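Predicted, not measured: the structure shown is a model, and the values here were computed from it. The analysis underlying the following values was restricted to heavy atoms, covering all of them including side chains, and did not include hydrogens, waters or symmetry mates.
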Amino acid sequence: QVQPVESGGGLVQTGGSLSLSCTASERTFSEYATGWFRQAPGKERELVAACSWTGRSTIYGEFVEGRATISRDNAKNTVYLQINDLKPEDTAIYYCASGLSGYYGPSPEDYGSWGPGTQVTVSS
């Protein structure tokens, strides 16, 4: 059971940038795809970004494409998410999820292990 943990959330001003990290103690974390999802109050969980186990294949959610970058460093067992030009609409709890295989999917159902989430709040 992979148990990812997110870090890096916080309060950011509109137009700023934020970098989130996701890590797990289990070495098998690096063998699976990783997804970042977010959920705002009253909204369904939506894809932010995902990458294959190598990090060389990526997808992005429609509303962050062009602003978000997902990357991973398997030597550090860590996956990163950077979002630029933050908007108030980006305010949500951001979750890191480890996949069911080495290849990503666009839906939460494609992932089996979830972190507790980290709050990102974009002011004004």
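Here OG1 of T69 is found 14.0 Å from OH of Y80. Values are rounded to the nearest 0.5 Å.
Contact between C96 and T34 at its shortest, heavy atoms only, is SG-CG2, 3.6 Å. Nearest approach of C51 to V79, heavy atoms of both residues: SG-CG1, 4.5 Å. Smallest separation of non-hydrogen atoms from S30 and R72: CA-NH2, 3.8 Å. Nearest heavy atoms, C22 versus P4: SG-CB, 3.6 Å. Here the closest heavy-atom approach between residue P88 and residue S124 is recorded as CG-O, 3.1 Å. Closest non-hydrogen pair, G117 versus I93, comes out as CA-CG2, 3.9 Å.
In this structure the side chain of K87 never reaches within 4.5 angstrom of the side chain of V122, judged on heavy atoms. With a 4.5 Å cut-off on side-chain heavy atoms, T91 and Q119 count as touching. Residues E6 and P116 have side chains in contact (heavy-atom distance under 4.5 Å, counting atoms from C-beta outward).
Side-chain heavy atoms closer than 4.5 Å link hydrophobic residues (I, L, V, M, F, W, Y) into clusters, and following such links, possibly through other members, connects L81 to V2.
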- request: Report the C-alpha separation of I83 and Y94 in whole Å, then their side-chain angles, then the decisive distance to 0.1 Å, and conclude whether the side-chain contact (heavy atoms from CB on, under 4.5 Å) test is met.
  value: CA-CA 12 Å; I83 307 177; Y94 284 70; 3.7 Å; yes
- request: Assess whether side-chain contact (heavy atoms from CB on, under 4.5 Å) is satisfied between D90 and L18, documenting all intermediate values.
  value: CA-CA 11 Å; D90 294 320; L18 189 68; over 6 Å; no
- request: Go through the steps for V48 and Y95 under the test side-chain contact (heavy atoms from CB on, under 4.5 Å), then give the verdict.
  value: CA-CA 9 Å; V48 180; Y95 298 92; over 6 Å; no
task: Check step by step if side-chain contact (heavy atoms from CB on, under 4.5 Å) holds for T23 and K76.
output: CA-CA 8 Å; T23 189; K76 291 182 166 61; over 6 Å; no
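Of the N and O atoms on the side chains of N84 and S17, at least one donor lies less than 3.5 Å from an acceptor on the other residue.
A donor-acceptor contact shorter than 3.5 Å links the side chain of Y111 to the backbone of G105. Within the 3.5 Å criterion, the main-chain N or O of Y103 finds a donor-acceptor partner in the side chain of S101. Put simply, the side chain of N77 gets close to the backbone of A24: a donor and an acceptor are under 3.5 Å apart.
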Could you pull out all donor-acceptor pairs under 3.5 Å where a side-chain atom in residues 56-64 meets a protein atom, sequence neighbours excluded?
| from | atom 1 | to | atom 2 | distance (Å) |
| --- | --- | --- | --- | --- |
| S57 | OG | Y104 | OH | 3.2 |
| Y60 | OH | I70 | N | 2.9 |

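Applying the salt bridge (Lys or Arg N to Asp or Glu O under 4.0 Å) test to pairs two or more places apart or on separate chains, those with a residue in residues 41-50 are R38-E46.
A 6.0 Å sphere centred on CZ of F29 holds more than 12 heavy atoms belonging to other residues, nucleotides or ligands.
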